[in-house]
Amino acid sequence: MKRAGFSTRWLPILLLLPQLSIILIFFYWPAAHAVKSSFYLQDPFGFGETFVGMKNYTSLLKSSAYLRSAQFTVIFTLLVTILSLSLALLLAVKADKVIKGAKAYRTLLMWVYAVAPPVAGVIGLVLFDQTWGPLKDFFGLFGWNFRLGVNYFDTAFAMVVVSVWKQLPVNFIFFLSGLQSIPKSVREAALIDNRSASGRFWDVTFPLLAPTAFFLLIINITYALFDTFGIIDTVVKGEPSNNPMTLVYRVYVDGFRGNDLGGSSAQSVVLMVLVLALTVFQFRMVERRIHYT
């Protein structure tokens, strides 16, 4: 096979320069600025700053509100990731077997992908609102006095449901594509060897979907940690108070509403380190069990 070549050394550099500039301006420079700001106590209006060393970090470890947000973030991320992946896989398996009306059925499952997170949050707010939300009346039939924005558990429940609903189409598309890429001969051989549908799925189908599932695992964890910001901000209706908050949303609340720029910078650095560590762990430990074909 012929390899692509360039007549000059500077041409590939020029081609990469726009992308490298975007990464430098919108990732590395803000990250470096956040690390620097985390060691200072800053005036919110930019009139001055005082070096405080590790005080912003130690304050986080002593803050019960921050630790509570960290605990909720772990639970929220696990619930959103597990539910969105498992439900999407179930829907993909069912959609893969549909013969009549397959295109219409798949389109209905994928259209939610076009909905932006804040819009999804507004839809969830309409459905779960404690005054006129239809789901609130439905829960009332079972004796559940659902109070969005007032009760901690109820608000967290609405956040998880809306976040899972928003992420389902992405997982569904990838899982369905992975199922359809499995050779027909492999499925026929599995049908001969194992008459049990569940046995064929776990012994043959799911291992072949492992690369897709691993990719979606990383995507969904990232989504639950960061991309649900718009949903959470809409659901809590701008009044976080005692409502559940993820770490990303607390960075916004403490920085832009509490004017604690140094503390919010320290939170962003901690979050960045945790995400980096989680990514390394995923690729080092989980990917070892993934076999690409």
Side-chain angles (χ1 to χ4, degrees), residues 30-31 33-46 49-83 117-118 120-121 124-125 128-130 145-164 166 220-278:
H33 184 72
V35 173
K36 174 182 175 296
S37 299
S38 66
F39 296 105
Y40 287 85
L41 181 63
Q42 296 180 314
D43 184 274
F45 300 100
E49 57 184 17
T50 304
F51 181 78
V52 294
M54 299 294 294
K55 184 177 180 180
N56 289 324
Y57 293 97
T58 56
S59 298
L60 292 180
L61 298 178
K62 297 178 181 178
S63 173
S64 59
Y66 181 78
L67 296 178
R68 189 181 187 188
S69 296
Q71 182 182 16
F72 174 75
T73 301
V74 173
I75 298 174
F76 176 80
T77 302
L78 290 176
L79 288 176
V80 172
T81 301
I82 294 174
L83 290 176
L125 189 63
F128 289 101
D129 190 87
Q130 62 175 330
N145 184 20
F146 192 89
R147 296 178 297 170
L148 179 66
V150 177
N151 184 275
Y152 185 94
F153 173 80
D154 294 347
T155 307
F157 176 82
M159 289 179 181
V160 172
V161 171
V162 176
S163 300
V164 170
K166 175 66 180 69
N220 279 261
I221 292 177
T222 304
Y223 162 78
L225 287 173
F226 298 100
D227 292 346
T228 55
F229 177 90
I231 296 175
I232 296 173
D233 185 48
T234 307
V235 170
V236 300
K237 296 181 289 189
E239 300 176 359
S241 60
N242 292 325
N243 286 319
M245 286 189 293
T246 59
L247 292 177
V248 172
Y249 191 66
R250 177 162 290 278
V251 171
Y252 164 75
V253 171
D254 291 349
F256 290 89
R257 294 188 179 181
N259 293 325
D260 184 12
L261 300 182
S264 63
S265 298
Q267 293 180 36
S268 63
V269 172
V270 171
L271 187 60
M272 181 172 57
V273 172
L274 291 177
V275 172
L276 179 61
L278 179 62

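Side-chain atoms are counted along with the backbone in the values below, which use heavy atoms only and exclude waters and symmetry mates.
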Calculate, to the nearest 0.5 Å, the distance between atoms [atom1] and [atom2] belonging to [X] and [Y] respectively.
X: R147; Y: F153; atom1: CZ; atom2: CZ; answer: 12.5 Å
X: N151; Y: N243; atom1: CG; atom2: CG; answer: 9.0 Å
X: L79; Y: T81; atom1: CG; atom2: OG1; answer: 9.0 Å

query = Hey, does the side chain of N56 reach the backbone of Y40 with a donor-acceptor pair shorter than 3.5 angstrom?
reply = yes
task = List in chain and number order the residues that pass ring pair (Phe, Tyr, Trp, His ring centres under 6.0 Å) with F256, two or more places apart in sequence or in another chain; answer none if no residue qualifies.
result = Y252
Could you tabulate the donor-acceptor pairs under 3.5 Å formed by side-chain atoms of residues 265-275, not counting sequence neighbours?
| residue | atom | partner | partner atom | Å |
| --- | --- | --- | --- | --- |
| S265 | OG | L261 | O | 2.8 |
| Q267 | NE2 | D254 | OD2 | 2.7 |
| S268 | OG | S265 | O | 2.6 |

Return the minimal non-hydrogen interatomic distance between [X] and [Y], and the atom names on each side.
X: A158; Y: L148; answer: CB-CD1, 3.7 Å
X: G121; Y: V235; answer: O-CG2, 4.3 Å
X: P118; Y: T234; answer: O-OG1, 3.7 Å
X: L67; Y: L61; answer: CD1-O, 3.6 Å
X: F39; Y: F51; answer: O-CD1, 3.4 Å

task = Return each pair, listed once, that meets side-chain hydrogen bond (donor to acceptor under 3.5 Å, both in side chains) where at least one residue sits in residues 61-77; pairs must be two or more places apart or across chains.
result = S69-R250
side-chain contact (heavy atoms from CB on, under 4.5 Å) partners of A156, counting only residues at least two apart = F72, P244
Under 3.5 Å, side-chain donor or acceptor atoms of residues 220-230 against the rest of the protein: list the pairs with distances, not counting sequence neighbours.
| residue | atom | partner | partner atom | Å |
| --- | --- | --- | --- | --- |
| N220 | OD1 | S84 | OG | 2.9 |
| N220 | OD1 | N171 | ND2 | 2.9 |
| N220 | ND2 | N171 | OD1 | 2.8 |
| N220 | ND2 | L216 | O | 2.6 |
| T222 | OG1 | I218 | O | 2.9 |
| Y223 | OH | S163 | O | 2.7 |
| T228 | OG1 | A224 | O | 2.9 |

ask   = Can you find a heavy atom in the side chain of V236 that is under 4.5 Å from one in the side chain of M159?
value = yes
request  = Output all residues satisfying side chain to side chain donor-acceptor pair (under 3.5 Å) with Y152, sequence neighbours left out; order by chain, then residue number.
outcome  = none
request  = Scan V161, V164, L78 and name whichever one has a side-chain contact (heavy atoms from CB on, under 4.5 Å) with L83.
outcome  = V164
